[in-house]
Amino acid sequence: MSAFSPRNETLAQQLREVFGDKIAELIEHRRQLTAVVPAEHWLDVAWQLRDDPRFAFQQLIDLCGVDYLGYGDDEWETAEASGSGFSRGVDAAGPGRFSWDERPEAEDFPNRFAAVVQLLSQAHNRRLRLRCYAPADDLPVVPSLIEVWSSANWFEREAFDLFGIIFEGHPDLRRILTDYGFIGHPFRKDFPLVGNVAVRYDEEKERVVYEPVEIEPRVGVPRVVRRDSRYVDMPRGESEDQPA
Amino acid sequence: MSEIRNFTLNFGPQHPAAHGALRLILELNGETVERADPHIGLLHRATEKLAETKPFNHSIGYMDRLDYMSMMCNEHAYVRAIEHLLDIEAPERAQYIRTMYDEITRILNHLMWVASNALDLGAMTVFLWAFREREGLLDAYEAVSGARMHPTYYRPGGVYRDLPEQMPKLAESRWRKGQDLERMNRWRNGSLLDYLEAFTGDFFDRVDDYETMLTDNRIWKQRTVGIGEVSPERALQMGFTGPMLRGSGVAWDLRKKQPYAKYADVDFDIPVGSNGDCYDRYLVRIEECRQSARIIQQCIAWLRANPGPVMLKNFKVSPPTRTEMKDDMEALIHHFKLFTEGYCVPEGEAYAAIEAPKGEFGCYLISDGANKPFRVHLRGPAFVHLSAMDEMARGHMLSDIPALIATQDIVLGEVDR
């Protein structure tokens with residue numbers, strides 16, 4: 001096992017000892033520790049992290065959904081030179097550049113949706129990040145943590161609303177941020193940035209009406225991925241940043 | 001016999017005590033609240049999704065608009081997340097400026113809080129007094145950034161520019177003239193630091209003034225003592241942070257426990273409550289104002305003695321100066337790339353949290369190596385605090401609801417994001 005930074009070494013070791021195979025992966029990046037936990041062990045691990053005095057993660061600070069569709073995609077070839085000019089970046093169909101009718105058909109790929117949790121232990125003054133990939137991505141289901149930490153309540157409602165991740169065991173999984181009667185899950189990567197419907201007050205009908213959105217999708221700066229060495233040999237870059 | 005049912009009351013979304021567009025569905029038994037169901041999202045602007053389509057620096061301005069009562073603190077969390085992924089550190093002077101402005105922001109936020117809270121519970125004068133001091137601090141915002149509310153002042157790698165040598169003066173107008181103008185300009189003859197020194201020197205007396213109005217005020221105590229009590233265990237369970245947690249007696253402050261910027265080098269105390277009710281949280285916030293003023297004074301002293309760069313000299317993240325850009329081809333290219341494309345952040349994820357005036361404001365950032373974030377998630381303290389509304393409101397009277405909304409110190413811009 002490769003070494004962790006001194007700050008996380010004890011915690012990483014304890015996690016390995018106590019949970020063993022229940023933690024699929026233990027990653028350290030930039031001195032922050034992430035444990036990837038499979039959905040079937042999600043609740044077990046959470047209970048123990050809270051109640052075991054060695055961990056004592058009393059607080060769930062944050063929970064959010066992530067949609068990994070299109071991770072690492074760019075709109076502009078940077079690895080090799082090409083001769084077709086600046087327009088290259090602008091005709092792409094990356095995030096924000098498509099309307100409701102042109103939205104991409106997301107192909108199935110494993111581990112598309114994940115719930116990410118930030119835990120905080122006041123007793124040991126340390127943090128831990130947990131990630132749980134939803135097993136099926138057509139209907140992502142993750143067990144709810146609401147029994148373990150009450151603060152998961154609204155965070156899970158938010159992740160359900162925005163990503164359509166279903167938290168099994170949540171007693172009140174309603175939409176929270178979007179409009180009453182909203183269709184779709186707006187933070188999914190295949191949901192257009194300009195949205196689907198627009199709302200306005202109709203003077204003739206004397207009520208609020210919903211209409212298809214008329215905004216042109218427009219993104220000013222192309223999405224570019226540059227894997228160059230600029231940051232590799234910067235002064236504070238440490239070798240401990242390599243994943244475990 | 002007629003059937004007796006609970007009465008359901010709709011509170012908001014347009015209500016002066018709702019602190020923004022908050023809709024509460026209250027189930028009442030007589031005047032006692034049996035259930036409170038906050039409906040939020042009326043101010044949802046999808047900040048996190050918008051940020052995914054823009055280069056990193058373009059979204060700094062959006063952070064001001066989340067919790068629009070503590071603008072620079074929000075920027076600080078976002079900027080720190082980026083710095084963490086880039087593995088860069090701002091120069092020391094920039095760190096001190098950030099510390100100072102975070103504390104100015106804390107005073108701004110707490111003044112707004114005490115003002116509107118007092119107004120909600122029927123005290124008008126404190127509102128006017130607190131806004132007088134807020135004006136002075138907003139001028140300090142304006143002096144560094146040109147904007148009073150939405151400064152966009154912090155940058156990954158430092159702050160946009162150094163503190164001004166000359167504090168701008170108020171100009172004469174129909175409403176400001178003669179002796180009034182002289183009085184208002186009396187602190188503005190020197191630099192921004194002189195101005196802030198004069199301000200903080202005076203500020204302790206002003207806080208005493210607010211306390212004279214409220215702390216022993218019979219009506220104020222009747223409206224706040226014993227209202228919305230939260231035990232330390234429940235406060236932790238429900239994810240409380242900041243004054244909401246400290247009011248319940250848990251001495252947890254990220255500035256002390258996980259210091260960032262220059263908090264490890266300044267001296268200050270963490271006030272803690274004992275009963276966890278609205279009154280204790282009021283006392284905690286008032287004391288935090290004094291502590292913030294102390295921190296600002298220490299930052300002023302350091303900043304006076306130590307001139308230096310306020311931005312990292314790394315042209316991959318920070319722009320070269322105009323003169324450099326016009327003299328040097330390399331600098332011109334950097335300038336062009338930085339402003340047309342931005343910078344690429346190495347693949348990885350980071351969570352950066354700061355102690356915002358309302359509690360822990362966190363930014364969870366996933367980068368896939370592109371010049372735009374792959375996912376940004378913003379953890380606002382008010383979102384978590386508001387989710388405890390149901391539990392806090394149960395068994396209280398309808399007239400306590402404004403006190404509870406006020407004590408949670410919510411700003412809907414941050415709740416809805």
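Only this structure's heavy atoms are used, side chains among them; waters, hydrogens and symmetry mates stay out. Model, not experiment: these values are computed from the prediction. So that the names make sense, note that chain A is the first sequence line, chain B the second, and so on, each numbered from 1.
Atom CD of A/E216 is surrounded by 12 or fewer heavy atoms from other residues, nucleotides or ligands within 6.0 Å. Atom CZ of B/R394 has more than 12 heavy atoms from other residues, nucleotides or ligands within 6.0 Å.
In this structure, chain B has no heavy atom under 4.5 Å from any part of A/L119. There is no contact between B/P381 and chain A, counting heavy-atom distances below 4.5 Å. In this structure, chain B has a heavy atom under 4.5 Å from the backbone of A/L63, while its side chain stays farther away. Proximity to chain A (any heavy atom under 4.5 Å) is shown, for B/E347, by both the backbone and the side chain. Only the side chain of B/I366 comes within contact range of chain A, with heavy atoms under 4.5 Å apart. Of the atoms belonging to B/E349, heavy atoms from both backbone and side chain fall under 4.5 Å from chain A. For A/R131, the part lying near chain B is the side chain, with the backbone staying farther off; criterion is any non-hydrogen pair under 4.5 Å. Proximity to chain A (any heavy atom under 4.5 Å) is restricted, for B/L254, to the side chain, taken from C-beta onward.
Taking a cutoff of 4.0 Å between a charged side-chain nitrogen and a carboxylate oxygen, B/D368 and B/R375 do not qualify as a salt bridge.
Looking only at heavy-atom pairs under 4.5 Å with chain A, the residue among B/E52, B/E360, B/R234, B/R417 that has the most is B/E360.
The shortest distance between side-chain heavy atoms of B/T241 and B/F361 does not fall below 4.5 Å.
A cation-pi arrangement, defined by a distance under 6.0 Å to the six-membered ring centre and an angle within 45 degrees of its axis, is absent between A/R50 and A/W47.
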